[in-house]
2 protein chains.
Amino acid sequence: MTSKPLNAGNAGNAGNAGNAGNVGRPVGGDSERVRNQLLDAARQHFLDRDFKAVSLRQIADTAGVNPAMVKYYFGGKRGLYLAMVDSMLRQLEERLSALPRGAEISVSEFIHGYTALLAANPWWPNFIVREVLFGDGELREEVIGKFMQHIGPRLIGRVEEEITLGNYRDNLDPSLAVISLLGVTLFPFIAAPIIGRIFKRELGPDDVNELAQHNTALFLQGVLAGPSPGATS
Amino acid sequence: MTSKPLNAGNAGNAGNAGNAGNVGRPVGGDSERVRNQLLDAARQHFLDRDFKAVSLRQIADTAGVNPAMVKYYFGGKRGLYLAMVDSMLRQLEERLSALPRGAEISVSEFIHGYTALLAANPWWPNFIVREVLFGDGELREEVIGKFMQHIGPRLIGRVEEEITLGNYRDNLDPSLAVISLLGVTLFPFIAAPIIGRIFKRELGPDDVNELAQHNTALFLQGVLAGPSPGATS
DNA sequence: TAATTAATTAAACATATAATTAATTAAAAG
DNA sequence: CTTTTAATTAATTATATGTTTAATTAATTA
């Protein structure tokens, strides 16, 4: 510990947030509120920018608290991030378990449910794609585990069942079918930022139903004209 | 220009790359080679990590040159990145224009072509997704413009044509159909890192044909069993 | 009421990074 | 052959960031 001063003399305004100057324990102290403000701010920033692209100071600014509170409440930037991820995943799990499921629901209901869920939580595909594709590896594992262990196999089982029942072609590969199903369901939201630009189509909240209907029809009937059974028109 | 020294006295080893010590213009000077080495190294790093997550030192290390060469040849980190993006896009445009096209090719050929292209350049979907979803905005515009102005409308036109010809259902929404087509085609590669984990399926180079065939069949016929015209089995 | 603990800010610290500059050597031009 | 230009490295600069600490004030406890 030689402790030679390197950059002494700067300091000053490094993101004067919220109650600047009010040093010391605040009067109507609600520590839970500060914690949640930090979580909210973290959500806002992390959901559309990379972990490294977001600075503690930015989060603290948005939350209106001092950057040191991140250490105080979450141990550091990483801790805050993990806490945020956790709260997100728990929220999503709630929504997921509220969706209709079981053997009796139709693919249409399934697609409609997930499409509506995605439309209501547009952060989800973005976040998952970012975590899974560009994550450091640790969070990646966690996210994959928490999400896909349940959803993936359940979907595959469902498709296998339909094949056994004779409802789906028996030359259908169940896992590829599920990948396709996820593709048509997720991709519009993954690509949302550019869809409007390219396709002159916004996919706003009103179009969600139309999208779900389209996906259902495509998945079930494909695009071919002719004597396809069960036309929706 | 007060020029007060802040952190004088460190220096030392900050990524001693390649020909360390060899100061001055090298003897068999091939400046084009250095330029390309930098581009290659940039590609390697930027294609699987974020812009901010990659440091100039890392790139210079991989390239085996001094970090200052980045400034010399490309003006800075950003310049190198843009040059790399440009070379990538030009390479991809070549491959794209080499694909079969025109009025006479089938959807099957189309899907097979793009799937093979993606399989041969797995960096493409990753890169595009990252740029488009999480980019700063400037590169985003450029990428969208360069890619999608051509591909998107062309695909939509194709689908409209097929509807007019009576080959596709006339209740089909062309832009949604193209979004779906892109979804089934791109998503497996976007999700490649997790597909093996969840679906016990690797999507290696051998499975590409199978995937393309599956996508073609799904897009055309859907999954339903029964009297579907033109079964592939 | 006195002592301790909780919550908060401002400031300092350490480190990493992109950018720049100065020195240095080879090649090219005159 | 001399001068200028090109290419390269080492060192410096400036800045941004996550973390830590010290001071400060309110709440809690003894």
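We name chains A, B, ... by the order of the sequence lines, and we start the count at 1 in each one. These numbers were taken from a predicted model, which means no experiment stands behind them.
- With salt bridges taken as basic N to acidic carboxylate O contacts below 4.0 Å, none links A:Arg57 and A:Asp61.
- Rounded to an integer number of Å, the gap from A:Lys52 NZ to C:dA16 P is 10 Å.
- Rounded to a whole Å, the CG atom of A:Asp30 is 17 Å from the P atom of C:dA6.
- Atom pair B:Asn22:CG and C:dA26:P shows a separation of 10 Å (rounding to whole Å applied).
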All N/O pairs under 3.5 Å across the protein-nucleotides 20-22 of chain D interface:
| from | atom 1 | to | atom 2 | distance (Å) |
| --- | --- | --- | --- | --- |
| D:dT20 | OP2 | A:Lys71 | NZ | 3.1 |

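- Using a 4.5 Å cut-off on side-chain heavy atoms (C-beta onward), B:Asn121 and B:Gln91 make contact.
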Worksheet item: Dot-bracket for DNA chain C: what is it, with Watson-Crick or G-U pairs under 3.5 Å, [ ] where a pair crosses earlier ones, and | for a pair to another strand?
Response: ||||||||||||||||||||||||||||||
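- In this structure, A:Tyr73 and A:Ser31 approach most closely via the heavy-atom pair OH-CB, 3.0 Å.
- Phosphate contact (OP1/OP2 of D:dT8, side-chain N/O of B:Tyr73, threshold under 4.0 Å): present.
- Exactly one residue among B:Leu211, B:Asn215, B:Asn209 makes a side chain to side chain contact (heavy atoms under 4.5 Å, CB included) with B:His112. That residue is B:Asn209.
- Following rounding to the nearest Å, A:Arg25 (CZ) and C:dT4 (P) show an atom-to-atom distance of 17 Å.
- Closest non-hydrogen pair, A:Val208 versus A:Ala119, comes out as CG2-CB, 3.3 Å.
- The aromatic rings of A:Phe127 and A:Tyr81 sit tilted relative to each other, their planes meeting at an angle between 30° and 60°.
- Following rounding to the nearest Å, A:Tyr72 (OH) and D:dT24 (C1') show an atom-to-atom distance of 14 Å.
- Scanning atom types as modelled, one donor and one acceptor separated by under 3.5 angstrom connect the side chain of B:Arg57 and the base of C:dA18.
- For the pair B:Gly24 and B:Ser55, both in contact range of DNA chain C, the more 5′-proximal nearest nucleotide belongs to B:Ser55.
- Rounded to whole angstrom, the span from the CG atom of B:Leu56 across to the C1' atom of C:dA18 amounts to 6 Å.
- Side-chain proximity of B:Pro26 to D:dG18, D:dT8, C:dT5: nearest is D:dT8.
- Counting non-hydrogen atoms under 4.0 angstrom, B:Val70 reaches nothing in the nucleic acid.
- Between A:Thr115 and A:Thr185, the closest side-chain pair of non-hydrogen atoms falls below 4.5 Å.
- Remark on DNA chain C: of its neighbouring residues B:Lys77 and A:Ser31, the 5'-side contact belongs to A:Ser31, judged by nearest-heavy-atom nucleotide.
- We find that CD of A:Glu32 is positioned 14 Å from C1' of C:dA6, with the value rounded to whole Å.
- Here the C1' atom of nucleotide C:dA6 and the CZ atom of A:Arg33 are 16 Å apart, to the nearest Å.
- Judged by distance alone, the side chains of B:Gln44 and B:Arg49 never bring a donor and an acceptor atom under 3.5 Å apart.
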